[in-house]
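Structure first, commentary second.
Proteins come first, then strands; the chains are lettered A, B, ... in the order of their sequence lines, and each starts at number 1. Only this structure's heavy atoms are used, side chains among them; waters, hydrogens and symmetry mates stay out.
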2 protein chains.
Amino acid sequence: MRSGELARLCGVSPDTLRHYERLGILPKPPRTSGGYRDYPTEAAARVRLVRSALSVGFSLPELATLLRMRSGGQFPCRETRRLAESKLVEVKRQLKGLKGMRGQLESILSDWDARLARTAKGQPAHLLETLPDRLSRTKQAAPFPKNQRSKSKP
Amino acid sequence: MRSGELARLCGVSPDTLRHYERLGILPKPPRTSGGYRDYPTEAAARVRLVRSALSVGFSLPELATLLRMRSGGQFPCRETRRLAESKLVEVKRQLKGLKGMRGQLESILSDWDARLARTAKGQPAHLLETLPDRLSRTKQAAPFPKNQRSKSKP
DNA sequence: CTTGACCCTGGAACCGATTCCAGGGTGTAA
DNA sequence: TTACACCCTGGAATCGGTTCCAGGGTCAAG
C-alpha cells in the first residue's frame, strides 16, 4: 500500500505519515523498486493506534518512547497506565480552568449587555476596564497544557 | 516606576512588558536620563487589564487592535462584546472536547486495570491496542484552540 | 511523447505567549 | 573601584503536531 492510500484510509495526510516515521512511531516500510513506500496492512492499525492515543492526550514523543520499548522486547504496561492516569489529571485540571472561564465570560457578557443598553452609540462603555476587578477575586487554573519551562539558569 | 517594579507589581516579567510594548498594547513610557523606562501609575491598570483579558481568552493581537482603536478615538464596544461572545463559544467547544476525553480516559483506565490484574509481570497486556476500538464509535471535539490553517494553495 | 497524478527528500513555516540570549550600559553601596 | 543588581536592545528559541516548500523522480493512460 502506498502512502497516499494509507493516509486516506486513516484520515491523515501523507506528510503526517512521514512525520510519524521520522519520530520512530511508524516503522519504516519496505520500498518498491521505484523508491515508493510500500506499507503492510498492519500499518493502518498502527496509525489508528497513534491517532487514538493522541486524541486522549498522549504526545508523539511519549508514543515514540512506548512503542520503541515495545519493539525492543519490553512491555511498558505499567508506564502506559501511569501515563494515561497523568493525562486524566491534566484533563481535569484543564476542565477546571475552562469552567472558570466559561462562568467568567457568561457573567461578563450579561454585565456588558447591561452597560451597552445604557450607553449611546459612539460613546465609550469602558467594557475592558471592568475585567480586572471582576477577575481579581477568583484564581483561575490555566486552561492550556502545562508546558513548564525552567526558570533556572544552567 | 521602572520595569522591574511594574513587573513585580503585576506578576509578570519585564520581558513580558517589553513584549506588550512592542505589540502596541502597552504605551511607550517616557525614559529617565539613563535610558530606563519610567512607567506612570496607570500602566499597572493597563497591564492588569491585558492579563485579565488574556485569562478569558482574548489574544494579544486582538487586544492590540481594540486598544489601538481606542487610542485612535474610537470605542469598539460592540466589537469587544462580539469578541467576548465568540470566546465563550470557543470555550464551550473546548469543554465538550475535554469532557469527552475525561470520559474516555476514565473508562480506559478501569479497563486497563482489569487487564493488568490478569496479566503477569513482564507479559504484554496490549493496552494501547485497545484504544482504536474504544474510540472509533464516538466522535471527539478538538480540545485545543482551533487554529485553522488554509489548505488551499495561493 | 506528453500529461497528470502520485511520490521522494530535508528542512522550514505555522500558531501564540513568553522567555532567553549576548553584548553592553546605569546606578548605588561597600 | 569594584561588586552587584538592574536595565537596555533586537532577534531567536520554546512548546507540539501538522503542513508546506522546492526541486526532483515514477508510472500509468492517452
Are any of Arg37(A)'s side-chain N or O atoms less than 4.0 Å away from OP1 or OP2 of dC8(C)? yes
To the nearest Å, how far apart are Asp15(B) CG and dC20(C) P? 8 Å
Whole-Å distance separating the CZ atom of Arg31(A) from the P atom of dC27(D): 13 Å
Sequence-distant partners of Arg115(A), side chain to side chain donor-acceptor pair (under 3.5 Å), two or more places apart: Asp111(A)
Just to be sure I understand: a Watson-Crick pair is purine N1 to pyrimidine N3 plus N6-O4 or O6-N4, both under 3.5 Å. Using that and G-U wobbles, which stems of three or more pairs involve DNA chain D? C:1-30 with D:1-30
Side chain to side chain donor-acceptor pair (under 3.5 Å) involving Thr119(B) - partner list, sequence neighbours excluded: none
As a test of reading the structure: which of dC20(D), dT19(C), dA17(C) is closest to the side chain of Ser13(B), going by heavy atoms? dT19(C)
In whole angstrom, what separates Met1(A)'s CE from dC6(C)'s C1'? 16 Å
Can you name the residues that form a side chain to side chain donor-acceptor pair (under 3.5 Å) with Thr32(B), not counting sequence neighbours? none
I'd like to know if Lys87(B) and Glu90(B) make a salt bridge, using a cut-off of under 4.0 Å between side-chain N and carboxylate O. no
Using a cut-off of 4.0 Å on non-hydrogen atoms, how would the nucleic acid contact of Pro14(B) be classed: base, sugar-phosphate, or nothing? nothing
Across nucleotides 25-30 of chain C, 5' to 3', mark each nucleotide with B, S or - according to how protein heavy atoms within less than 4.0 Å reach it. BBS---
Let me know the distance between CG of Leu17(B) and C1' of dG10(D), rounded to the nearest Å. 17 Å
Under 4.0 Å: is that the gap between some side-chain N or O of Ser59(B) and OP1 or OP2 of dG16(C)? no
The side-chain contact (heavy atoms from CB on, under 4.5 Å) partners of Arg22(B) (sequence neighbours excluded) come to Arg18(B), His19(B)
When you measure from the side chain of Ser3(B), which nucleotide among dG17(D), dC7(D), dC7(C) comes out closest? dC7(D)
Applying side-chain hydrogen bond (donor to acceptor under 3.5 Å, both in side chains), which residue pairs with at least one partner in residues 63-84 of chain A are found, sequence neighbours left out? Arg70(A)-Glu129(B), Arg81(A)-Glu85(A), Arg81(A)-Asp113(B)
Can you tell me the distance, in whole Å, between the CD atom of Glu62(B) and the C1' atom of dG16(C)? 11 Å
Between atom CZ in Arg8(A) and atom P in dA5(C), what is the gap in whole Å? 13 Å
May I ask you to evaluate whether Thr16(B) reaches the phosphate of dT19(C), defined as a side-chain N or O under 4.0 Å from OP1 or OP2? yes
Residue pairs meeting side-chain hydrogen bond (donor to acceptor under 3.5 Å, both in side chains), one or both in residues 46-58 of chain B, sequence neighbours left out, come to Tyr20(B)-Arg51(B)
Looking only at heavy atoms, the pair that brings Leu105(A) and Val56(B) closest together is CD1-O, 3.7 Å
Strand-adjacent residues in residues 19-30 of chain A, judged by heavy atoms under 4.0 Å from DNA chain C: Arg22(A)
Does Ser86(A) have any side chain to side chain donor-acceptor pair (under 3.5 Å) partners at least two apart in sequence or in another chain, and if so, which? none
Report the distance from atom CZ of Arg18(B) to atom C1' of dT9(D), rounded to the nearest whole Å. 7 Å
Between C1' of dC6(D) and OH of Tyr39(B), the distance in whole Å: 14 Å
Using atom types as modelled, flag every donor-acceptor pair under 3.5 Å from a side chain in residues 33-42 of chain A to any protein atom, sequence neighbours excluded.
unit_1, atom_1, unit_2, atom_2, d
Arg37(A), NE, Glu21(A), OE1, 2.8
Asp38(A), OD1, Met1(A), N, 2.8

State, with a plain yes or no, whether a side-chain heavy atom of Val47(B) is found less than 4.5 Å away from one of Leu9(B). no
Considering only heavy atoms from C-beta outward, does the side chain of Arg93(A) approach that of Lys96(A) to under 4.5 Å? no
